[in-house]
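First comes the structure, then the notes that go with it.
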Amino acid sequence: MADETLDPPPDAAPSTPTPPAIPAALLRPRREAFEHGLLPIPKLIFPEGTLAQTLAQLKEKLAAAAGPGGRVGAAALAEALQIPQEQAALALGTLAAVVPAEDPALGDGAGDAAGGDIRDVLLFLYIQSYKRLVPRSAHKDSPAVADVWPSTSAFDGYLSALSPIQLVRSNSRRFMPSQADEEIHQLSYLQKHMANILTLLADSVEGEGDDSLVLTMESFEHLGFLVQFSEGTSLSQAATFFANSDPDMPAAPVTAAQVLDWMSQNIASSLEYSAERSAAKESIQQTVSDLDVTMAEANTSHPRNSTPSSNPAYYKNVTFVEGFSKTSVVKHASDVKGNSIKVLNCHDSVIYILAPLKYATVYGCSDATVVLGAVGKVVKVEHCERVHIIAAAKRICIANCRECIFYLGVNHQPLVLGDNHKLQVAPFNTCYPQLRDHLMQVGVDPSINKWDQPFVLGVVDPHDSLSHPAGVSDVKAESATCLDPDLFTNFLIPSWFGDERQEPTSCNPFPLPEIYGAFQSKKRSALEDIQKTIRELQLDENRKRELATALHAQFKDWLYASGNIRQLYCLQGD
């Protein structure tokens with residue numbers, strides 16, 4: 001219904017302005033760099049006033065220490081930034097997760113990789129100065145929700161986002177930045193800093209003034225780390241000064257000033273389009289937010305397994321699963337557009353994402369279970385409460401979560417940062433028929449699982465102005481503990497299609513640690529003993545029926561008490 005247009009009566013005035021036509025080529029920021037590429041490591045973040053000068057000096061250091069092909073490894077980066085080598089390796093690993101194209105020399109940023117291209121490293125370090133967009137209004141209902149989100153930390157008063165419960169009760173979601181708001185903010189940041197960014201990428205040549213700095217086509221293409229055209233056109237093909245260059249003959253470098261003019265024009269056009277679009281939608285968005293509907297009521301406005309999303313044409317490579325409550329949602333590969341998914345503000349629900357992806361974000365969810373089948377770059381879980389995350393991924397970042405359990409199959413150490421409380425980690429515990437194929441597609445190695453080796457950074461996030469007040473020093477974030485093996489259970493994913501083959505939980509591609517496997521065997525043995533005892537009971541038919549009735553009644557009571565009965569109803573209706 002959201003995409004349908006109804007013609008108004010002849011005498012009726014249009015309620016909102018007509019949205020502007022989408023330009024043929026719209027320059028947009030690469031969300032991946034800003035959403036998954038920021039690390040709260042103080043020595044990676046330079047004061048804005050000295051940012052350009054500091055990075056220019058760093059460029060000289062890195063160039064002197066770089067290996068063949070201008071590659072910067074963890075040792076060289078650690079030396080230049082005066083940080084531990086493990087933090088330098090984390091920085092290169094994070095860079096590997098957000099570069100626009102696979103870089104074989106960089107690999108995963110770990111091990112014996114040659115390192116990152118110095119231009120990508122410099123761009124990565126530059127955007128560490130970025131500050132995220134803050135909510136448009138302060139929260140005014142803290143006392144009403146203090147009982148469900150207790151202030152047990154000295155930093156609670158500073159954190160940028162609210163508890164998921166606060167978001168529901170106070171309807172403060174209206175104040176949270178939209179996806180479009182964030183992209184406008186990112187573009188504005190790039191507009192402000194583009195001259196400095198181009199200076200870092202440029203080479204010095206003989207000449208005076210603006211003519212002394214030039215960019216080769218190869219260096220120009222590295223801007224693709226930060227921006228992209230909406231239609232997938234490469235930057236060099238879109239730029240008039242490099243378009244249609246002969247691949248057998250290197251294009252002549254162009255001055256940084258010429259590139260700056262071209263970038264500035266494109267960014268200005270994109271910002272103008274975005275502003276016009278926001279103005280066209282502002283009145284209807286205000287009307288919707290003023291309704292102040294509850295989460296449960298909001299779910300009645302769309303059928304189960306639909307994905308409410310705003311501005312679908314603007315986010316062609318992202319799938320949104322947003323605002324679901326008290327339901328089950330299933331997304332297979334055929335249901336997912338693009339290579340990224342965002343699960344936002346879902347409560348008391350079970351979300352199944354059974355598809356190969358590059359990026360996944362779970363934000364603002366509570367009392368939910370989220371299954372992420374195979375994520376080849378990074379999963380980010382933020383501001384969640386009492387959520388079970390089951391994820392097979394190359395990397396995962398956990399920030400500002402409480403009372404959550406993470407069942408992980410991850411190739412790199414889970415990154416834990418922010419204000420976390422009572423987190424637990426456990427081995428990956430599920431499977432579905434296509435899982436091994438999906439893992440292979442996205443490059444996740446199930447023979448490597450570092451689920452129990454969290455890498456812990458600080459509580460304060462310097463990229464968030466609300467959680468980084470002046471005068472507050474940082475402390476190490478609370479780490480996660482390992483789930484008691486006796487509490488570990490396999491998670492069974494039902495089949496929604498009769499022709500799908502069923503596989504036992506033993507098909508879990510990530511081998512279980514010995515102690516968890518021993519407890520699983522113990523539970524299976526106990527179940528088999530109970531089944532054997534029941535089979536061997538000498539009961540007449542009436543007593544057998546009574547026993548079966550009692551068992552069914554107990555199971556039904558458990559279904560209702562645990563809330564799993566709703567899942568059965570949801571799945572039965574699909």
Side-chain angles (χ1 to χ4, degrees), residues 29-39 44 55 58-59 62-63 65-78 80-81 85-128 197 200-203 215-229 232-237 242 247 250 317 338-340 356-360 374-380 393-397 410-413 415 439-445 448:
R30 279 192 69 245
R31 290 185 311 276
E32 295 84 357
F34 293 97
E35 293 178 0
H36 301 286
L38 304 180
L39 290 173
L44 265 60
L55 283 174
L58 189 64
K59 178 182 178 181
L62 293 176
R71 293 281 167 174
V72 178
L77 187 61
L81 293 173
Q85 187 156 335
E86 62 179 8
Q87 290 189 357
L90 173 64
L92 289 177
T94 304
L95 172 63
V98 296
V99 288
E102 294 294 336
D103 185 347
L106 177 58
D108 286 339
D112 298 326
D117 187 290
I118 188 172
R119 292 161 291 195
D120 290 334
V121 172
L122 290 169
L123 294 177
F124 172 79
L125 292 174
Y126 198 104
I127 65 169
Q128 301 305 311
I197 290 171
L200 283 177
L201 293 178
D203 298 318
L215 272 84
T216 63
M217 186 169 74
E218 183 182 2
S219 293
F220 176 72
E221 282 285 4
H222 281 268
L223 284 173
F225 178 79
L226 300 174
V227 293
Q228 62 187 358
F229 278 100
T233 306
S234 70
L235 291 178
S236 58
Q237 285 300 310
F242 285 132
N317 63 340
N339 54 27
S340 180
L357 298 160
K358 286 187 177 180
Y359 301 95
V375 182
K377 292 293 187 179
V378 61
V379 173
K380 186 169 187 179
K394 192 159 284 186
R395 299 177 181 275
I396 187 169
C397 174
V410 287
N411 292 166
H412 296 273
Q413 293 175 265
L415 180 61
L439 292 174
M440 188 177 298
Q441 286 180 43
V442 300
V444 175
D445 184 355
I448 301 173

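Throughout, numbering of the chain's residues begins at 1 and tracks the sequence.
Atoms CG and CD1, on Asn411 and Ile396 in that order, are 12.5 Å from each other to the nearest 0.5 Å. Separation of atoms CE (Met440) and CG (Asp445) is listed at 10.0 Å; rounding is to 0.5 Å. Rounding to the nearest 0.5 angstrom, the gap separating the CG atom in Leu201 from the CD atom in Glu218 is 11.0 Å. Summarising the geometry, atom CG belonging to Leu77 is positioned 7.0 Å from atom CG belonging to Leu44; distances are rounded to the nearest 0.5 Å. To the nearest 0.5 angstrom, Leu415 atom CG is 9.0 Å from Arg395 atom CZ. The distance from the CD atom of Glu221 to the OG atom of Ser234 is 5.0 Å, given to the nearest 0.5 Å.
Counting only heavy atoms from C-beta outward, the side chains of Leu39 and Gln128 approach each other to under 4.5 Å. Leu226 has its side chain out of reach of Tyr126: every pair of non-hydrogen atoms, C-beta onward, lies at least 4.5 Å apart. Residues Asp103 and Leu95 form no side-chain contact, since every pair of their non-hydrogen atoms from C-beta on lies 4.5 Å or further apart. Side-chain contact between Val98 and Phe225: present, with at least one pair of heavy atoms (C-beta onward) separated by less than 4.5 Å. Inter-residue side-chain proximity for Leu123 and Ile197 is flagged as met; some heavy-atom pair is nearer than 4.5 Å.
Nearest heavy-atom pair, Lys377 versus Ala96, reported as atom, atom and distance to 0.1 Å: NZ-O, 3.5 Å. Minimum heavy-atom separation, Leu92 to Gly116: CD2-N, 4.2 Å. The minimum heavy-atom distance between Gly224 and Leu235, with the atom names listed, is N-CD1, 3.4 Å. Here the closest heavy-atom approach between residue Asp117 and residue Arg71 is recorded as N-NH1, 3.3 Å. Minimum interatomic distance between Phe34 and Pro29 (heavy atoms only, all atoms of both residues): CE1-CB, 4.2 Å. Between Ser340 and Leu357 the shortest heavy-atom distance is N-CD2, 4.1 Å.
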Which is it for Leu58 and Leu81 under the side chain to side chain contact (heavy atoms under 4.5 Å, CB included) test, yes or no, and what are the steps along the way?
CA-CA 8 Å; Leu58 189 64; Leu81 293 173; 3.7 Å; yes
Could you walk me through whether Val375 and Val442 pass the side chain to side chain contact (heavy atoms under 4.5 Å, CB included) test, one step at a time?
CA-CA 7 Å; Val375 182; Val442 300; over 6 Å; no
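At distances below 3.5 Å, at least one donor-acceptor pair connects side-chain atoms of Lys394 with backbone N or O atoms of Gly443.
Under the salt bridge (Lys or Arg N to Asp or Glu O under 4.0 Å) criterion, Lys380 pairs with Glu382, sequence neighbours left out. Ser219 meets the side-chain contact (heavy atoms from CB on, under 4.5 Å) test with Arg119, Thr216; sequence neighbours excluded. Considering only residues two or more places apart in sequence or on other chains, Glu32 meets the side-chain contact (heavy atoms from CB on, under 4.5 Å) condition with Arg30, Asn317, Tyr359.
More than 12 heavy atoms of other residues, nucleotides or ligands lie within 6.0 Å of NZ in Lys59, so this atom counts as buried by the packing criterion.
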